[in-house]
Structure formats: C-alpha cells, structure tokens
Amino acid sequence: MAEKPKEYWRWDEYNWRNPDIDWRKAKIITAGVDVGSVSSQAVIMADGELYAFANMRTGSDSPNSAINAMNWALEGTGMALSDINFTVGTGYGRVNVPFANKAVTEIACHARGANYMYGSTVRTVLDMGGQDCKAIRIDEKGKVVSFLMNDKCAAGTGRGMEVFANLLAVPIVEVGEMSLQVEEEPAPVSSTCVVFAKTEATGLLRDGWPKEKVLAAYCSAMAHRVISLLERNGVEKDFAITGGIGKNVGVVSRIEKELGLTALKPRYDTQIAGALGGALFAKALVEKGTKK
Amino acid sequence: MISVGVDVGNKFTKAVVLKDGQVISKSIVLSGFDQKQSANEAYDQAIKEAGISKNDVNYVLATGAGKKEVDFANDVVSEVGAGARGAVYFFPSGRTIIDVGAEDGRASKCDQNGKIVDFAVNEKCAAGAGSFSESMARALEVPLEEIGPLALQSNNVIYMNAQCTVFAESEVVSLIHAKTSKADISKAVHDAIAARIISMARRVGVEKDLVMIGGVGNNVGFLKALGDGLEIEVLVPDKPEYVCAIGAALIAAERN
Amino acid sequence: MIANYGYKDGSGDFFVIIDTDKCMECPEKPCVAACPENVLEVMIDDYDDEVLAVREAFRKKVKYSCGPCKPAGKEVVRPCHKVCALGGIKHSW
C-alpha cells in the first residue's frame, strides 16, 4: 500500500468547555458559527460568557462544516441546538450556516470578538485567516471604526504559510519557532506572489540555505506585507492579532518588531475570535428583542 | 548581415539567428537558476545550428526577464518592444499584441512598424500567466500539454471565484470533489486566466488585428477562451514562444 | 466607518475608500448613478446603517473597473468623487 502523504498543514482540532458554568442557569444562550475557507469554529455563550467552543478544519461543503463544528461544541454539554436562543453565522461561508438566524460580516464579528478576547483597550485588530487578511480599527465597544480586507491574494494568509510548510516538509505548527532559529535575520523573500515566492525559496534551498533561514525569510516577508495593509488602515494601540497566524510566533514577533508595538496576549484560541463575535452579536440581537 | 535575438524567459531561454531578415536557426533551453549559463547555451546551440561562427554575428540584442544577464549581448530591448516587432513581422496587420509567458503577461498596442503606442504588464502575480494553468494542471492531475485540448471538450460555463493561483488550486480540488468533469474545470481555468488578460488588454484598448505570442500561445484552450471573451479572431504565429527573440533579432539588424 | 474595498497584490494597492459616516448624512447617494461601471451600491451594514459599498463582484478587480474613469497620467476627477459633496469617496491610486 502506498504511504499516505504527510499533511504538514495539520493543527490541533479540538473542543473546549468551561466547567465552571452551568448553562441551565443562564437567561440567554447564544452561538456564533464562523465558517472560514480553511477552518470553522462554533462558539456557545451563556449570558455573554464563553461557555464552549469547537475549532476544526472546514470540509468540502460549508453547511456540513457548520453542523459538524456546532455538534462538536455541543458535545458533552447536555445542550441541544434548540436550547440556543439565537445563532449568528459569519465568515466566508456565513450564508451557508443552515441553523443560523442571521448572518453578520466577519469584519464586524472579529471586531466584537477581539473586544471580548483582549479587553476594551484594543484599538487595532489584525486578523490573519486562512484565505484573507483583515486590518480593523475598533472603538472601546468593539464597533468597527475602519477596516480593510484583502482576500484576493494568498500572500499574507494561512494558505500561503501552508504552501511553505509543505515545500519545506515542516509541520505548520512548528514553522514559527523554527523560523526564529537563525543567527542573523536574512533578507525577506522578494516575491509577493506565493507561487513565485515558492520558486524563489526553491532556489535558496538549492543555494544551500537551511530550512530555518528560508522560513525566516518568508515569515519576515509576510510580516512586512501585512504591515503595509495595517498602515493603510491606521495603527493605534492596543494592538492584537487574531486568526491562525496569530499563533505563529515567527510572524507575530516580526510584526511586533517592525511595528514597534507588542501584541496583546489572547485569553483564548486566536482562531475563535470571529465566532465569539458572532455569539456576542447574537446576544445583543436577543436583548434588542429580535426574534429568531 | 547576421543578427541574434536572445530572450531569457522565466522558464525557457530562446535564441534566434537572422540572416538578411530571414530566420536561419533557433534554439530553446530551460532557464536554469543560472540565467547567464542558459543564455550562453541557447546562443551556442543556435550558432551551431546556423553553421556559422560567433565572429560572423554583427549584433546581439537580449530581451526577457533575465536580459541583463546576457553578457555577450551588445544591448538590451524591452519585452514589449521585441514582442510587438516580432508579431508584426508575422502579421503586418497586427495592432494589439498579447504576450503571455510562464510568469508574466503583457498587452500592447502598436503601429504598423511594431512601435509601441501603449502597454500594460502583469509580472508580479502568477494568476495572469502560464504558471496558473500549470498549477491547475497539477491540481487536476492532467499533463500540462493536455489541459488546453481538454478544455475544448466542454461547452459549460463554470465561474471560478478565486483570483489567486493558490486559492484556485483549492477551488479546483473542491470542484473535483463535487464531481465536476475535468473538461468543465479545464474550461473554467482557461476562462479565468483569459478574463484577467482581457481586463489588461481592454485597459490598453483592443484594436484589430490581435496577435497572440509567447508560450501560452500554444495552449488551444486559452486561445479559445481569449477569442470568445474578446469576440475577435486571435492570430497566432507558428511557434509563438520564439516571437520575442525574433523581434529582438529584427531590431538588432536595424541597430547595426 | 472607513471602509476600504479592494485589494493589494503583486501589482500594487487598489482600494476604494468610503467614509460611511458621510453616507449616513446623504440620503440621495448620487454616486451610485454617477458610476459608469455600476460598481457602487447602497446596503444596510452590520450596524443597521444605510451606507455605500463596492459591489461584491468588483472587489477583486477595482483596478480594472475603476480604470476607465482615470486614465494613467491624466488629471481628471472621477465622476463618483465629483458628485459626492461631502468628499466621502477616495481611491488609493
């Protein structure tokens, strides 16, 4: 039998539940489901406090991914879908969440979610998702002040990083640490386009560059690129990074260095910010008297 | 009077020897990581095939992405300039020239002498170049030379959302999972790349006649998508990948 | 809210920048009709405000859709800018 190709993009898919909350005592239970192009999350909140969530890879169709994520978040809670007062769908596949009561853009959800996750002092949110990159400035309530989204091009996204993880045969969760194992920071990869950057990296490997150095050159190119997007939208502290790349210390530390700002430490998984915001939007809608 | 044009492309390096305005030999080699060496190889081969010696050559002009690496050239000429000159050599009525290579795409408008009036270039994004169909062929698990003819077997219109090569690969995989036929996907791929080239061409303004040059000119799927999209007949010279090198050699002959 | 619609790719930065707070003060929204390419639309945003946006279908090709209104090297005012009395629309290029 042929050996299964190694999947370097894999990260931990998991669910989580807060054991200190008894959801049966809560007045309002809401959910947010973020169906992204690469990952999907479902978040359940009890009276506006994070109760449970699940984070997994998006499958080949959006409705199933939404259902799977939601079922996984519900697993072991004793809660049924019908116990949830209101559900907001968000993300690239937001219109394909069959049980959602409303769809809200991922920009507004990330803003609201970041406000919960990092506290009310956060003013600039950089979301580095699977297939997009968003720069968002928010006020103390988590409302969007300005935004910019780039979803045309893979440079600066999780998919771009996956391409490099595959090329170098390094698990994506190790890329960040590995890229910091260099004595001297190399010049960033010069091509913006991921396809051309890959060709460039192949040449560097041929020239004898170690993997660490190639990854450093790519992480720094990625940092440089997203900073230009951030700056177009305006940067104000406090600053936070959400999305999968928010866990990549190689990219995060280089963004911090170039920007001269330290990113806030997240309270939860950076990938759930969108779904978290969705659940908070849902709560506000219930309080406003919006019916399912 | 003997002149030589050397076109150092991102994927292939071409050399053409011209004697009194006629092509007497041409060569093509893979552009390696050392472009200087590739240029020399192509030059040596073309000279050998022409049965002449380098001392017989009056003037050498280099063009293409690696033109500055050609140390034996007397001078360099831009890719748009060389391309248009070569295109009107084959089709004197050509006024709009579209040149799509492995990693770049260009649209230009020229006069009857092949002199450039206006042009637009894409060289920073793989989605507007031959790389795109190459990546899609890999995703479809179809040999590169078959993806074009495969597209001709479909009359269905499927719109691809992804503008980026990397995202389009995932989209092709999803289409395969959704049991879309490979012919339909191939057509969608070529419609997508043609749409980007058409946007660029419209920016310079499309005038008759339209000539397609560069390696992607060998791809029948792309040519069909381009012609249908622009509603115009697309003229393609035989072996379109050599046209820039021929154009450079023609300009070289005048420079001497 | 400042909304940046468009993209950055290898060829440059192409964004249509809309100050939606200004749209809220402008009930007529003449910019929608002024655009020869029909790029703009009025929508209700996530905060229930009626604002201007770039249509979804144009967001990844604004470089081309907004190209004809301002040929390279020419000093002309784009029609959408001209009709916006509040100066709520800008282009990044």
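Letters A, B, ... mirror the listed sequences (proteins, then strands); counts begin at 1.
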Measuring heavy-atom distances to chain C, does [X] have an atom under 4.5 Å in its side chain, in its backbone, in both, or in neither?
X: A:V104; answer: both
X: A:A108; answer: both
X: A:T192; answer: side chain

Output all residues satisfying ring pair (Phe, Tyr, Trp, His ring centres under 6.0 Å) with A:F53, sequence neighbours left out; order by chain, then residue number. A:Y14, A:W16

For the side chain of C:D46 and the backbone of A:T105, is there at least one donor-acceptor N/O pair under 3.5 Å apart? yes

Say whether, by atom type as modelled, one donor and one acceptor occur between the side chain of A:N150 and the main chain of C:K8 under 3.5 angstrom. yes

Taking the inter-plane angle between the rings of C:Y47 and A:F281 on a 0 to 90° scale, is it parallel (under 30°), tilted (30 to 60°) or perpendicular (over 60°)? tilted

Would A:L148 and C:F15 count as a side chain to side chain contact (heavy atoms under 4.5 Å, CB included) here? Give the steps. CA-CA 9 Å; A:L148 179 156; C:F15 290 97; 3.6 Å; yes

Enumerate by number any residue of residues 110-137 of chain A whose heavy atoms lie under 4.5 Å from heavy atoms of chain C; in the absence of such residues, state 'none'. A:R112

Which residues in residues 225-244 of chain A have a heavy atom less than 4.5 Å from any heavy atom of chain C? A:R225, A:S228, A:L229, A:R232, A:N233

When rounded to the nearest 0.5 angstrom, what distance separates [atom1] in [X] from [atom2] in [Y]?
X: C:I2; Y: A:F147; atom1: CD1; atom2: CZ; answer: 10.0 Å
X: A:S146; Y: C:I18; atom1: OG; atom2: CD1; answer: 13.0 Å
X: A:I107; Y: C:M1; atom1: CD1; atom2: CE; answer: 9.0 Å
X: A:M149; Y: C:Y7; atom1: CE; atom2: OH; answer: 14.5 Å

Would you say NE2 of A:H224 has more than 12 non-hydrogen atoms from neighbouring residues, nucleotides or ligands within 6.0 angstrom? no

Residue list, side-chain hydrogen bond (donor to acceptor under 3.5 Å, both in side chains) with A:Y92, at least two apart or on another chain: none

Does any part of the side chain of A:D151, heavy atoms only, come nearer than 4.5 Å to the side chain of C:K60, both counted from C-beta? yes

C:V62 side chain reached by A:K152 side chain, heavy atoms, under 4.5 Å: no

Given a strict heavy-atom distance threshold of 4.5 Å, which part of C:D21 is in contact with chain A: side chain, backbone, both, or neither? neither

